[in-house]
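A short worksheet on the structure shown next.
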Amino acid sequence: MKVGAVNSLICLGIESTADNLGVGIATPDGTILANEISTHVPAEGGIHPREAARHHAAEIGNTLTSALKAAGIRGRDIGIVAFSQGPGLGPCLRTGATAARALATYLRVPLVGVNHCIAHIEIGRLATGAADPLTLYVSGGNSLVAGFESGRYRVFGETIDIAVGNCLDTFAREAKLPYPGGPAVEQLALKGNQLIPLPYTVKGMDLSFSGLLTAALEALRSGRWRLEDVCFSLQEVAYAMLGEVTERALAHTRKAELLLTGGVAANKRLRSVIGSIADEHGAKQSFVPLRYATDNGAMIAWTGVLAYSNGVRTPVETSYIDSHWRLDQVEVPWRR
Ligand code: ATP
Ligand code: FE2
């Protein structure tokens with residue numbers, strides 16, 4: 001391929017579904033040239049969508065500049081602009097989409113709207129070399145088990161209320177632990193050893209974490225248990241629930257690879273649960289490196305390359321965000 005033709009497929013991706021603003025740059029052969037992230041840290045409490053969006057609007061210029069600098073390219077080298085079109089928080093998504101539309105129009109290059117959850121899987125495949133994995137994607141906003149089947153990513157199981165990361169963060173906030181809560185709960189759990197009875201809620205292939213959160217908070221407030229034991233039990237129950245659904249999906253799909261991604265994939269206990277399930281079923285286990293497991297622009301840029309190379313275009317006029325865009329609604333022509 002001529003240099004001009006390669007350049008025309010360099011994709012800049014903007015990620016802005018929640019508190020991370022990310023700008024990534026990917027080439028058609030899957031080289032990540034840049035992956036810049038600017039995170040909004042709430043002054044207190046949980047994430048506030050409009051404040052996070054204000055942060056993204058203020059930081060997008062700097063983050064774009066740093067990404068181009070890190071990649072060693074100029075704006076005119078960009079051939080495609082991709083953006084996270086959903087699911088996510090409306091004000092945050094709209095800010096990223098507005099920047100993407102402006103940039104694509106200014107550079108006169110095509111725009112590609114990317115599904116955030118699919119991007120998590122695609123960067124996972126790229127980063128680990130997994131070809132056709134069953135994926136457990138666990139973060140502050142999502143908890144689902146998905147795999148490719150008959151032209152689309154299918155959801156085999158998912159939370160019917162809050163995500164596991166949200167459960168950990170809310171618990172940690174009430175327990176006056178630092179934000180984000182997942183790592184703090186993990187550290188304390190290492191010092192716990194008593195399993196407190198907490199609700200284990202798996203309904204068919206779906207999960208519910210809200211009852212577990214309420215019960216863990218009640219256990220904390222009762223004063224009957226050590227915080228370390230509540231953290232330990234919260235993790236044990238949450239990860240056993242995730243493990244059960246993942247294992248059944250693995251047995252059903254007979255996939256040969258199991259991929260763990262999302263911010264909660266940093267957790268060592270969850271990794272060990274997922275690792276033993278993979279071993280038991282003879283599947284290869286892959287953990288997405290953290291810089292690509294948490295929200296990032298590289299995954300949007302890379303999925304933009306895949307989609308664009310297979311005919312996907314998002315005209316600016318119809319590039320509305322969709323905060324509830326499900327991954328199983330998306331055509332995936334690059335995996336046909
Ligand atoms: P999404 O938009 O995909 O839902 P997100 O905005 O929640 O993503 P991520 O960075 O993917 O962002 O995930 C953040 C979550 O990961 C938080 O809930 C955080 O507590 C959790 N987390 C981070 N490290 C750990 C850990 N070591 N153990 C458990 N949870 C963790
Ligand atoms: Fe995400």
Side-chain angles (χ1 to χ4, degrees), residues 13-22 24 35 37-42 45-49 52-53 55-56 83-93 96 114-124 135-144 146 158-159 162-175 177-190 209 213 216 231-232 234-239 242 260-274 287-300 302-303 321 323-327:
I14 300 179
E15 158 57 33
S16 70
T17 49
D19 48 359
N20 275 355
L21 171 70
N35 188 29
I37 295 174
S38 170
T39 302
H40 170 67
V41 182
I47 172 174
H48 188 293
H55 162 270
H56 299 347
F83 70 104
S84 219
Q85 200 169 4
L89 304 171
C92 301
L93 283 168
V114 166
N115 180 285
H116 176 90
C117 303
I118 287 187
H120 271 292
I121 300 176
E122 291 305 343
I123 197 77
T135 303
L136 172 61
Y137 159 37
V138 272
S139 62
N142 292 279
S143 301
L144 56 85
E158 63 191 317
T159 179
I162 57 172
V164 64
N166 184 227
C167 171
L168 296 170
D169 291 340
T170 310
F171 174 83
R173 193 168 67 230
E174 296 294 318
L177 298 173
Y179 177 90
V185 171
E186 178 171 27
Q187 286 316 307
L188 283 165
L190 292 173
F209 292 102
L213 171 62
C231 291
F232 170 76
L234 176 58
Q235 283 208 146
E236 288 307 304
V237 174
Y239 300 156
L242 288 165
L260 178 62
T261 192
V264 185
N267 190 279
K268 293 206 174 64
R269 179 65 183 132
L270 179 60
R271 285 183 178 215
S272 109
V273 168
I274 293 305
F287 303 122
V288 180
L290 270 192
R291 65 185 180 286
Y292 298 136
T294 57
D295 289 348
N296 66 87
M299 68 185 193
I300 305 300
W302 172 236
T303 311
I321 59 111
S323 29
H324 300 290
W325 195 16
R326 287 180 59 87
L327 84 166

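Atoms considered below: every heavy atom in the structure, side chains included; atoms not considered: hydrogens, waters and symmetry mates. In listed order, ligands and their atoms are each counted from 1.
The Gly181 neighbourhood of ligand 1 comprises atoms 20 (O), with distances under 4.0 Å to a heavy atom of that residue. Distances below 4.0 Å separate heavy atoms of Pro180 from the following atoms of ligand 1: 19 (C), 20 (O). The contact set between ligand 1 and Thr17, taken as ligand atoms under 4.0 Å from a residue heavy atom, comprises 2 (O). Taking a cut-off of under 4.0 Å to the non-hydrogen atoms of Tyr239, the atoms of ligand 1 that pass are 29 (C). Which parts of ligand 1 touch Leu168 is read off a 4.0 Å heavy-atom cut-off, strictly below it: atoms 29 (C), 30 (N). Numbered from 1 in the order shown, with element, the atoms of ligand 1 that lie under 4.0 Å from a heavy atom of Gly141 read 4 (O), 7 (O). When each atom of ligand 1 is checked for a heavy atom of His120 under 4.0 Å away, the hits are 3 (O). Each of the atoms 26 (C), 27 (N), 28 (N) of ligand 1 lies under 4.0 Å from some heavy atom of Glu186.
Judged purely by atom type and a 3.5 angstrom limit, Asn20 has no side-chain atom pairing as donor or acceptor with the backbone of Gly22. Glu15 places no side-chain N or O within 3.5 Å of a backbone atom of Ile300 that could act as its donor or acceptor partner. A donor-acceptor pair under 3.5 Å links the side-chain atoms of Ser143 to the main chain of Val164, judged by distance alone.
Assignment of Gly88 to the shell around ligand 1 is not supported, since no heavy atom sits closer than 4.0 Å.
Taking only nitrogen or oxygen atoms, main chain and side chain alike, Asp169 reaches within less than 3.5 Å of ligand 1. Inclusion of Gly263 in the set of residues having an N or O under 3.5 Å from an N or O of ligand 1 is warranted. Some N or O of Gly140 is nearer than 3.5 Å to an N or O of ligand 1, by distance alone. At least one N or O atom of Gly165 sits closer than 3.5 Å to an N or O atom of ligand 1.
Listed by chain and number, the residues in a ring pair (Phe, Tyr, Trp, His ring centres under 6.0 Å) with His116 are His120 (sequence neighbours excluded). For His48, the ring pair (Phe, Tyr, Trp, His ring centres under 6.0 Å) test picks out no residue, with sequence neighbours left out.
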Item to check | side chain to side chain contact (heavy atoms under 4.5 Å, CB included) evaluation trace for Ser16 with Phe83 | outcome: CA-CA 8 Å; Ser16 70; Phe83 70 104; over 6 Å; no

Next on the checklist: Show, in sequence, the C-alpha distance, side-chain angles and deciding distance for Asn296 and Arg291, and conclude whether the side chain to side chain contact (heavy atoms under 4.5 Å, CB included) test is met.
Outcome noted: CA-CA 7 Å; Asn296 66 87; Arg291 65 185 180 286; over 6 Å; no

Next on the checklist: I'd like to know whether Ser139 forms a side chain to side chain contact (heavy atoms under 4.5 Å, CB included) with Asp295, so could you lay out the CA-CA distance, the side-chain angles of the two residues, the decisive distance to 0.1 Å, and finally the verdict.
Outcome noted: CA-CA 9 Å; Ser139 62; Asp295 289 348; 5.7 Å; no

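Side-chain atoms of Asp19 and Thr39 form no donor-acceptor pair, as typed in the model, at a separation below 3.5 Å.
To the nearest 0.5 angstrom, Met299 atom CE is 11.5 Å from Ile118 atom CD1. Taken from CD1 in Ile162 to CZ in Phe209, the straight-line distance is 8.0 Å, to the nearest 0.5 Å. To the nearest 0.5 Å, atom CG of residue Asn267 and atom OH of residue Tyr239 are 3.5 Å apart. Atoms CG and CG, from Asn142 and Asn166 in turn, are 10.5 Å apart once rounded to the nearest 0.5 Å. Atom CD1 of Ile37 and atom CG of Leu21 lie 9.5 Å apart (nearest 0.5 Å). To the nearest 0.5 Å, the span separating OH on Tyr179 from CD1 on Ile47 amounts to 5.5 Å.
Sorted pairs that involve residues 163-173 and meet salt bridge (Lys or Arg N to Asp or Glu O under 4.0 Å), not counting sequence neighbours, are lacking altogether.
Remark: minimum distance from atom 3 (O) of ligand 1 to any protein heavy atom is reached at Tyr137 OH, 2.4 Å. When only non-hydrogen protein atoms are considered, atom 25 (C) of ligand 1 lies nearest to Pro183 CD, 3.6 Å. Nearest to atom 1 (P) of ligand 1 among the protein's heavy atoms is Ser139 OG, 3.3 Å. Of the protein's non-hydrogen atoms, the one nearest atom 31 (C) of ligand 1 is Gly182 CA, 3.6 Å. Remark: minimum distance from atom 21 (C) of ligand 1 to any protein heavy atom is reached at Val264 CG2, 3.8 Å.
Among Leu270, Thr294, Asn267, Asn166, the residue whose heavy atom sits closest to atom 28 (N) of ligand 1 is Asn267. Of the listed options Asp295, Leu89, Asp19, Asp295 places a heavy atom closest to atom 5 (P) of ligand 1.
Heavy atoms of Lys268 found under 4.0 angstrom from ligand 1: none, in either backbone or side chain.
Around the Fe ion (ligand 2), the protein contributes the following N, O or S atoms at distances under 2.8 Å: His116 NE2, His120 NE2, Asp295 OD1.
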